[in-house]
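Sequential numbering from 1 along the given sequence is applied to the chain's residues. These values consider heavy atoms only, across backbone and side chains, with no hydrogens, waters or symmetry-generated copies.
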Amino acid sequence: MIHLRPSQRMRGLGVVQHGAGILAEPSRAFDLPAERDEAERIIDELFAAMERIGQVHPFAKGMGIAAPQIGIGRAAAVVQPPGDAPAIILLNPKITKRCDEMDEQYEGCLSFFDVRGLVPRPLKITVKTTALTGETVTTVYERGLARLIHHEIDHLDGLLYTARMRTGVAPIPVEQYRQTGRAWVYEGA
């Protein structure tokens, strides 16, 4: 039996891998509602990719995928929170406010799934998105969900989580990571 590295498995499922130019470029916003059909098509592709990926890897912390990760340079992402919560669709998302209180947790990325990195992020963010109808929607996210949303918005801005890691801290091989299958832990949660 041939053993595939996690990144090879993700590539086989259609996830663009680290080093591809599209992952380093800011994505193009949608003009909504004029581009509603295009946005809906891309959202459908993101959900299909999440379905494929979820069949081969469990995500106890939730998961997300951004359009650039499936080769589409548009400002769309989908986040599936842990548990039975409904998926969150992000179109043209922008973080408008970050709380000063930070938290550092390990993150993984479908675009370089062989490692995990210790990433500091705000515990609470406010995000402005555009609905398919063109209206602006503002939502506050906290803790693990804020982390997932922030990670995907970074993808849409052409950033990988390694850009957020503290200087001198390197990602660790997935084989050394001991938190697979467990939710992030927060004080007072």
Side-chain angles (χ1 to χ4, degrees), residues 22-36 38-40 42-43 46-47 50 59-70 72-112 116-169 171 179 182-189:
I22 195 166
L23 295 177
E25 300 166 4
S27 55
R28 188 166 54 92
F30 291 95
D31 176 14
L32 294 168
E35 291 186 296
R36 181 182 183 133
E38 177 72 358
E40 287 177 332
I42 292 169
I43 290 166
L46 289 166
F47 274 112
M50 285 179 71
F59 292 91
K61 295 171 181 70
M63 76 167 291
I65 191 162
Q69 291 182 281
I70 59 170
I72 301 169
R74 298 304 301 268
V78 175
V79 170
Q80 179 60 61
D84 295 329
I88 298 166
I89 297 169
L90 302 167
L91 295 172
N92 301 340
K94 294 290 176 204
I95 297 173
T96 59
K97 186 175 180 185
R98 296 167 172 82
C99 78
D100 291 335
E101 191 177 357
M102 301 288 282
D103 170 64
E104 196 170 41
Q105 303 269 357
Y106 278 99
E107 294 183 17
C109 181
L110 300 173
S111 292
F112 54 114
R116 300 295 181 268
L118 198 53
V119 183
R121 294 206 188 263
L123 281 171
K124 186 190 311 187
I125 59 173
T126 302
V127 177
K128 181 178 77 170
T129 59
T130 309
L132 289 168
T133 56
E135 290 126 13
T136 299
V137 178
T138 301
T139 309
V140 176
Y141 298 102
E142 296 185 45
R143 299 181 180 217
L145 196 49
R147 178 171 294 280
L148 286 167
I149 299 285
H150 199 193
H151 180 111
E152 297 312 319
I153 292 173
D154 277 353
H155 274 300
L156 301 178
D157 291 337
L159 297 173
L160 298 176
Y161 73 69
T162 49
R164 301 252 182 231
M165 292 175 67
R166 287 182 289 116
T167 303
V169 175
Q179 297 173 31
R182 295 196 311 234
W184 286 303
V185 176
Y186 291 92
E187 300 270 330

Minimum side-chain heavy-atom gap [X]-[Y] below 4.5 Å:
| X | Y | result |
| --- | --- | --- |
| Glu38 | Arg74 | yes |
| Val140 | Thr126 | yes |
| Leu145 | Val79 | yes |
| Arg36 | Thr133 | yes |
| Phe47 | Ile89 | yes |
| Glu152 | Val78 | no |
| Glu25 | Pro68 | no |

Margin query: Could you go through Ile95 and Ile149, starting from their C-alpha distance and side-chain angles, then the distance that decides it, and tell me whether this counts as side-chain contact (heavy atoms from CB on, under 4.5 Å)?
Written below: CA-CA 9 Å; Ile95 297 173; Ile149 299 285; 6.0 Å; no

Checklist line | Sidechain N-carboxylate O distance under 4.0 Å for Arg164, Glu107 | finding: no

Which atom names give the shortest non-hydrogen contact between [X] and [Y], and what distance separates them?
| X | Y | answer |
| --- | --- | --- |
| Leu32 | Ala131 | CD1-O, 3.5 Å |
| Ala39 | Leu132 | CB-CD2, 3.8 Å |
| Ile88 | Pro81 | CD1-CG, 4.0 Å |
| Gln69 | Ser111 | NE2-OG, 3.1 Å |
| Leu156 | Ala76 | CD2-O, 3.5 Å |
| Ser27 | Ala75 | OG-CA, 3.4 Å |

If you measure from [atom1] on [X] to [atom2] on [Y], what distance do you get to the nearest 0.5 Å?
| X | Y | atom1 | atom2 | value |
| --- | --- | --- | --- | --- |
| Lys124 | Asp100 | NZ | CG | 11.5 Å |
| Thr96 | Ile125 | OG1 | CD1 | 9.0 Å |
| Leu23 | Phe112 | CG | CZ | 9.0 Å |
| Lys128 | Thr136 | NZ | OG1 | 6.0 Å |
| Leu159 | Ile153 | CG | CD1 | 11.5 Å |
| Leu118 | Met165 | CG | CE | 6.5 Å |

Notebook entry, point to check: If only atom types and distance count, is the side chain of Gln80 paired as donor or acceptor with the main-chain N or O of Met63 below 3.5 Å?
Noted result: no

Notebook entry, point to check: Does any N or O in the side chain of Tyr161 come within less than 3.5 Å of the main-chain N or O of Val119, such that one atom is a donor and the other an acceptor?
Noted result: no

Notebook entry, point to check: Going through the distances and angles, do His155 and Leu110 end up as a side-chain contact (heavy atoms from CB on, under 4.5 Å)?
Noted result: CA-CA 11 Å; His155 274 300; Leu110 300 173; over 6 Å; no

Check: With Lys94, which residues qualify under side chain to side chain contact (heavy atoms under 4.5 Å, CB included), at least two apart?
Finding: Asp157

Checklist line | Criterion side-chain contact (heavy atoms from CB on, under 4.5 Å) on His150 and Arg98, from CA distance to verdict | finding: CA-CA 10 Å; His150 199 193; Arg98 296 167 172 82; 3.9 Å; yes

Next item on the list: Run the numbers on Thr130 and Phe30 for side-chain contact (heavy atoms from CB on, under 4.5 Å), then give the verdict.
Entry: CA-CA 9 Å; Thr130 309; Phe30 291 95; over 6 Å; no

